[in-house]
Amino acid sequence: MLRPIAAKIISKVVEDARKSGSLPDDIRLNYIIETPREEGFGDYSTNIAFILAPQLRKRPLDIAAMLVERMKGSEYCESITVAGAGFINFSLKDSLWQQLLKDTASMGIKSLYPNTGGGKKVLIEFVSANPTGPLHIGHGRGAAVGDVLSNLLERTGHAVAKEYYINDAGRQIKTLGRSTFLRLKELRGEAVEYPPDLYQGDYVRDLAGRIIDEGIPVPPGDEEAISFLAGYASSFIMDGIKNDLGEFGVNFDNFFLESSLYASGIVEETLQILKDREIAYEKDGALWFRTGLYEKDEDRVLIKSDGENTYFTSDIAYHLDKFKRSFDVLVDIWGSDHHGYIPRLSASVQALGRNKEDLRFLLIQFVTLIKDGKPVGMSTRSGEFTTLREVMDEVGRDACRFFFLMRKSDAHLEFDLDLAKKTSNENPVYYVQYAHARIESIFRNAREAGVDTNNLSDADCTLLTLKEELDLIRWITRYHSVLDGSARSLEPHRVTFYLIEIVGRFHSYYNKTRVLGNDMGLTRARLLLLSALRDVIRDGLDLVGVSAPEKM
RNA sequence: GCGCCCGUAGCUCAGUUGGAUAGAGCGUUGGCCUCCGGAGCCAAAGGCCCCGCGUUCGAAUCGCGGCGGGCGCGCCA
């Protein structure tokens with residue numbers, strides 16, 4: 001919305017210059033147009049002169065001067081200047097910004113959604129925690145990032161599906177069965193030794209107690225009992241996980257079982273493909289994958305000498321299955337402790353004939369909870385990890401989600417529980433929500449004063465001449481490029497930063513300028529501005545999965 | 001030993017994919033409510049962008065070498 005106009009201006013100038021012979025046809029034009037952080041430099045800045053200089057063997061300053069001369073004919077821009085060593089700075093005319101506001105307000109928030117994806121089908125796989133225990137805080141961060149990323153991609157022209165992968169065929173589920181079995185014996189008064197490699201968390205004991213209380217029939221033989229309990233416990237825990245996720249506002253389109261890969265035969269198919277292409281080879285009685293063909297990584301085992309598949313094998317099959325379901329791009333969101341696994345999986349999709357870029361990874365760094373200024377310890381081994389539910393119950397869903405998105409996902413996150421609970425400007429969640437509530441309050445007052453707030457489309461935007469008002473309009477239209485940039489880079493945290501930023505401009509404006517006044521024309525114009533602003537805040541909060549309250 | 005991530009204000013972190021005089025919040029100091037929500041606003045102080053070399057018109061950003069922190073390196077799952 002905003003870039004396109006600036007881009008059009010520049011490309012038209014270049015085209016004109018070509019036609020008149022001032023620029024040759026065969027030049028590379030990989031210049032950029034950006035909004036300079038220094039306000040005094042205008043709305044836009046381009047480095048085109050620097051890009052052309054070496055190609056034309058001319059000084060950047062001379063090229064800039066030539067282009068600026070041509071830009072002066074444009075009906076859209078003003079204050080076109082050459083700055084520094086050859087930057088071209090320019091602004092759009094106020095009237096154009098005012099018109100943009102009007103267009104945005106009348107066409108709605110969706111007119112600010114960029115079509116970055118062009119309808120591409122994307123599968124985002126995230127959380128994928130095994131049902132052997134409740135979700136902890138790290139899973140929560142992954143859940144928030146994955147969910148917000150999918151909202152983001154949906155808004156930017158992608159067809160998104162969210163998937164949760166469950167390793168139900170592995171040993172961990174069996175371990176859960178043994179853990180439950182022993183706790184059950186314990187509760188029945190038998191003396192048992194509980195090995196340290198079993199799940200230590202209290203939830204296992206609770207579950208065993210529940211099985212006794214409810215009189216769930218457990219098969220007599222030890223092996224049968226363990227196998228039964230593995231299934232029972234895991235599906236019980238999985239229900240709990242789904243429940244937690246639901247309350248956290250994260251809903252999946254599909255839960256994919258590892259066991260289904262074996263049932264469908266796609267594991268065999270995968271191995272066959274790799275053998276046929278001679279990407280798999282035998283050595284020491286095992287079957288190996290030639291990772292080195294594609295990535296700087298060691299070769300890895302697909303089938304162990306005891307005949308069992310490794311997890312790597314079923315993971316390759318799983319990704320083949322994803323592609324077979326006609327997804328164009330796959331996004332895998334993992335805990336950062338799995339980063340060493342990336343090269344081999346990336347190699348595997350290339351081995352299957354896909355581009356490396358078709359599988360993208362997002363790593364989630366660990367979360368440290370801070371309470372009373374000190375880190376809260378969490379160790380899975382002792383079973384004393386902090387669960388997502390505990391944090392959600394303590395600080396609320398809104399703060400929880402927002403905080404998870406205040407950092408780049410692959411950076412450590414310090415989650416200050418006390419701050420998340422504060423209801424003051426120190427807490428960014430409230431800062432943003434407060435702006436929304438404040439605007440709603442103004443609208444309530446306006447209606448009470450008899451202003452028809454549903455019909456502002458004929459408001460005269462040319463009355464919005466304050467620096468702060470034009471600046472707010474720029475920030476509103478910028479939503480477009482924020483969505484575009486975060487979608488391209490898979491960085492949903494940019495949206496939260498944008499919200500904090502734009503809302504700050506609003507609070508400042510509000511403090512300085514009265515919206516409702518005697519001048520009805522001006523009042524209506526300002527209300528129109530605020531309605532567009534409110535729509536952006538509301539949509540941004542919705543994207544992050546945080547409520548936009550009308551009153552607080 | 002090898003690989004990945006990180007190192008920016010006292011603290012927690014951004015930095016528009018290589019742009020101009022490096023930003024925000026918290027904390028510190030000092031101001032603003034006869035007026036639409038003070039859960040807000042304004043201002044000041046605070047910097048060797050870990051260090052060095054290189055790439056170029058231009059580097060916090062890219063490359064190489066160090067230093068410091070985190071994580072990962074199995075025919076484990």
Side-chain angles (χ1 to χ4, degrees), chain A residues 3 32-38 40-41 45-47 49-51 53-54 59-61 83-87 89 130 167 170-173 175 283-288 296-298 300-312 335-343 363 365-366 370 373 406-408 410-416 419 422-431 433-435 437-446 448-449 478 481-482 484-486 488-489 491 493-494 496-498 500-501 504 506-517 523 526 530 551-552:
Chain A
R3 298 270 163 123
I32 58 163
I33 299 170
E34 59 175 2
T35 60
R37 48 175 148 237
E38 193 74 32
F41 292 153
S45 175
T46 178
N47 65 345
F50 292 108
I51 302 296
R59 293 168 54 213
L61 272 176
F87 288 99
N89 296 336
N130 285 339
N167 281 125
R171 200 156 75 192
Q172 293 188 30
I173 301 291
T175 304
K283 193 183 90 180
D284 304 334
L287 190 70
W288 294 72
K296 237 178 97 182
D297 193 29
E298 291 163 38
R300 305 290 174 175
V301 169
L302 293 162
I303 304 178
K304 297 185 271 179
S305 51
D306 66 3
E308 293 247 343
N309 288 330
T310 60
Y311 266 65
F312 182 36
S336 62
D337 52 337
H338 290 91
H339 72 256
Y341 202 71
I342 290 179
L363 294 177
Q365 265 288 4
F366 291 121
I370 306 285
M406 289 205 310
R407 299 283 176 268
K408 233 183 312 192
D410 60 356
H412 280 283
L413 169 64
E414 291 210 357
F415 193 125
D416 189 329
L419 177 63
K422 271 190 194 164
T423 54
S424 74
N425 61 335
E426 298 164 55
N427 186 342
V429 190
Y430 285 90
Y431 187 67
Q433 289 181 318
Y434 184 59
R438 207 172 213 183
I439 294 172
E440 285 295 338
S441 165
I442 295 172
F443 273 94
R444 280 194 297 273
N445 291 330
E448 217 160 280
R478 200 166 291 170
S481 51
V482 169
D484 184 59
S486 358
R488 282 181 200 285
S489 57
E491 291 181 343
H493 73 282
R494 293 195 197 183
T496 43
F497 278 94
Y498 165 78
I500 293 170
E501 192 92 20
F506 162 69
H507 283 309
S508 177
Y509 170 68
Y510 172 89
N511 232 262
K512 206 170 148 186
T513 318
R514 232 193 118 77
V515 175
L516 305 176
T523 296
R526 286 180 172 163
L530 291 198
K551 291 179 182 173
M552 296 171 72

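Quick note on labels: first sequence line is chain A, next is B, and so on, each numbered from 1. Note that the structure is a prediction, hence the values are computed from the model and not measured.
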Inset, instruction - Using modelled atom types only, decide if a donor and an acceptor are shared between the side chain of Thr46(A) and the backbone of Ile32(A) within a distance under 3.5 Å. - result: yes
Inset, instruction - Figure out the CZ/C1' separation between Phe506(A) and rG38(B), and round it to whole Å. - result: 14 Å
Inset, instruction - Determine the contact category for Ala286(A): base if any of its heavy atoms lies under 4.0 Å from a base atom, sugar-phosphate if only primed atoms, P, OP1 or OP2 are that close, otherwise nothing. - result: base
Inset, instruction - Write down the distance separating the P atoms in rA43(B) and rC64(B), rounded off to the nearest Å. - result: 43 Å
Inset, instruction - Report the distance from atom CG of Asn309(A) to atom CG of Leu302(A), rounding to the nearest 0.5 Å. - result: 8.0 Å
Inset, instruction - Name the closest nucleotide to the Phe87(A) side chain, picking from rG38(B), rG19(B), rC75(B). - result: rG19(B)
Inset, instruction - State which of rA20(B), rC75(B), rA77(B) makes the closest approach to the side chain of Pro36(A). - result: rA20(B)
Inset, instruction - Name the nucleic acid region contacted by Asn89(A), choosing base, sugar-phosphate or nothing; use a 4.0 angstrom heavy-atom cut-off, strictly under. - result: base
Legend entry - Residue-phosphate contact under 4.0 Å: Arg438(A) side-chain N/O, rG38(B) OP1/OP2: yes
Inset, instruction - Look at the side chain of Asn47(A) and the base of rG19(B), then say whether one donor and one acceptor between them are separated by less than 3.5 Å. - result: yes
Legend entry - Pairwise P distance for rC50(B) and rA59(B), with rounding to whole Å: 15 Å
Inset, instruction - For rC33(B), measure the glycosidic angle (O4'-C1'-N9-C4 for a purine, O4'-C1'-N1-C2 for a pyrimidine) and name it syn if it falls within 90° of 0, otherwise anti. - result: syn
Inset, instruction - Please state the P separation for the pair rC76(B) and rC13(B) - nearest whole angstrom. - result: 37 Å
Inset, instruction - Please lay out, stage by stage, how Ser441(A) and Arg444(A) fare under the test side-chain contact (heavy atoms from CB on, under 4.5 Å). - result: CA-CA 5 Å; Ser441(A) 165; Arg444(A) 280 194 297 273; 3.5 Å; yes
Inset, instruction - Classify the nucleic acid contact of Ala437(A) as base, sugar-phosphate or nothing, counting any heavy atom under 4.0 Å across all strands shown. - result: base
Legend entry - Gap in Å between the two C1' atoms, one belonging to rC41(B) and one to rC35(B), rounded: 15 Å
Legend entry - Complementary nucleotide for rC64(B) - Watson-Crick or wobble, under 3.5 Å: rG52(B)
Inset, instruction - Would you classify Asp284(A) as touching base, sugar-phosphate or nothing, given that sugar-phosphate means primed atoms plus P, OP1 and OP2, and contacts are heavy atoms under 4.0 Å? - result: base
Inset, instruction - Examine distances only and state if a side-chain atom of Asn427(A) and a backbone atom of Val429(A) form a donor-acceptor pair shorter than 3.5 Å. - result: yes
Legend entry - Assigned partner base of rG27(B), Watson-Crick or wobble definition, under 3.5 Å: none
Inset, instruction - Rounded to the nearest angstrom, tell me the gap between atom CD in Gln365(A) and atom C1' in rG69(B). - result: 11 Å
Inset, instruction - Please tell me which of the listed nucleotides, rU17(B), rG15(B), rC4(B), lies nearest to the side chain of Ser489(A)? - result: rU17(B)
Inset, instruction - Pull up the glycosidic torsion of rU17(B) and say syn or anti, syn being anything within 90° of 0. - result: syn
Inset, instruction - Can you measure from CZ (Phe497(A)) to OG (Ser486(A)) and round to the nearest 0.5 angstrom? - result: 12.0 Å
Inset, instruction - Tell me what His507(A) touches on the nucleic acid: a base, only sugar-phosphate, or nothing, going by heavy atoms under 4.0 Å. - result: sugar-phosphate
Legend entry - Nearest listed nucleotide, side chain of Val515(A), among rC36(B), rG37(B), rC75(B): rC36(B)
Inset, instruction - Assess whether one donor atom and one acceptor atom, taken from the side chain of Ser45(A) and the base of rA20(B), lie less than 3.5 Å apart. - result: yes
Inset, instruction - Provide, to the nearest angstrom, the distance between the CZ atom belonging to Phe50(A) and the P atom belonging to rG58(B). - result: 10 Å
Legend entry - Minimum-distance pair of heavy atoms, taken over all atoms of Leu516(A) and Ile442(A): CD1-O, 3.8 Å
Legend entry - Given rC75(B), rU12(B), rA14(B), the nucleotide with the shortest approach to the side chain of Arg407(A): rU12(B)
Legend entry - Closest nucleotide among rA77(B), rC35(B), rC75(B) to the Val301(A) side chain: rC75(B)
Inset, instruction - Identify the nucleotide, in any strand shown, that forms a Watson-Crick or G-U wobble pair with rA59(B), with both distances under 3.5 Å; if there is none, say none. - result: none
Inset, instruction - Give the nucleotide from the list rG3(B), rC36(B), rC75(B) with an atom nearest to the side chain of Trp288(A). - result: rC75(B)
Inset, instruction - Look up atom CD1 in Ile342(A) and atom CG in Asp297(A), then write down how far apart they are to the nearest 0.5 Å. - result: 11.0 Å
Inset, instruction - Just compare rG19(B), rU12(B), rA77(B) and give me whichever is closest to any side-chain atom of Glu414(A). - result: rU12(B)
Legend entry - Value in whole Å for how far the C1' atom of rC76(B) lies from OH of Tyr341(A): 11 Å
Inset, instruction - Could you check how far CZ of Phe41(A) sits from P of rU16(B), rounded to whole Å? - result: 17 Å
Inset, instruction - Using the C1' atom as the reference point in each nucleotide, state the distance between rU55(B) and rG47(B) in Å, no decimals. - result: 26 Å
Legend entry - Phosphate contact (rC41(B) OP1 or OP2) by Tyr431(A) side-chain N/O below 4.0 Å: yes
Legend entry - Value in whole Å for how far the P atom of rG37(B) lies from CD of Glu448(A): 10 Å
Inset, instruction - Please measure how far the C1' atom in rG65(B) lies from the corresponding atom in rC57(B), and state the result in whole Å. - result: 27 Å
Legend entry - Sugar-phosphate, base or nothing in reach of Lys296(A), heavy atoms under 4.0 Å: nothing
Inset, instruction - Determine the contact category for Arg171(A): base if any of its heavy atoms lies under 4.0 Å from a base atom, sugar-phosphate if only primed atoms, P, OP1 or OP2 are that close, otherwise nothing. - result: sugar-phosphate
Inset, instruction - Considering only atom P, compute the distance from rG19(B) to rA60(B) and round it to an integer number of Å. - result: 10 Å
Inset, instruction - Report yes if a side-chain nitrogen or oxygen of His493(A) is closer than 4.0 Å to either non-bridging phosphate oxygen (OP1 or OP2) of rG15(B); otherwise report no. - result: yes
Legend entry - Base-pairing mate for rG74(B) - Watson-Crick or G-U, with both contacts under 3.5 Å: none
Inset, instruction - Quick one: label Thr513(A) by what it contacts on the DNA or RNA (base, sugar-phosphate, nothing), any heavy atom closer than 4.0 Å. - result: base
Legend entry - Side chain Ser336(A) and base rC5(B) donor-acceptor under 3.5 Å: no
Legend entry - Phosphate-side-chain proximity, Ser508(A) and rC42(B), N/O vs OP1/OP2 below 4.0 Å: yes
Inset, instruction - Send over the distance from Arg478(A) CZ to rG15(B) P, rounded to a whole Å. - result: 15 Å
Legend entry - Candidate nucleotides rU17(B), rA14(B), rC75(B), ranked by approach to the side chain of Lys408(A) - the nearest: rA14(B)
Legend entry - 5' precedence on RNA chain B between Asp410(A) and Leu516(A) (nearest-nucleotide basis): Asp410(A)
Legend entry - Phosphate OP1/OP2 of rG37(B): any Asn445(A) side-chain N/O under 4.0 Å: yes
Legend entry - Is_stacked (Phe497(A), rA24(B)) at 5.5 Å, 30 deg: no
Inset, instruction - Using atom OH of Tyr509(A) as one end and atom P of rC36(B) as the other, report the distance to the nearest whole Å. - result: 16 Å
Inset, instruction - Write down the partner of rU34(B) under the Watson-Crick or G-U wobble criteria, each distance required to be under 3.5 Å. - result: none
Inset, instruction - Can you tell me, in whole Å, how much space there is between the P of rC5(B) and that of rC62(B)? - result: 10 Å
Inset, instruction - State whether Lys304(A) places a side-chain N or O below 4.0 Å from either non-bridging phosphate oxygen (OP1 or OP2) of rG74(B). - result: no
Inset, instruction - Report yes or no: does Arg407(A) contribute a side-chain atom to a donor-acceptor pair with the main-chain N or O of Glu414(A) at less than 3.5 Å? - result: no
Legend entry - Heavy-atom donor-acceptor pair, His338(A) side-chain to rG72(B) base, under 3.5 Å: no
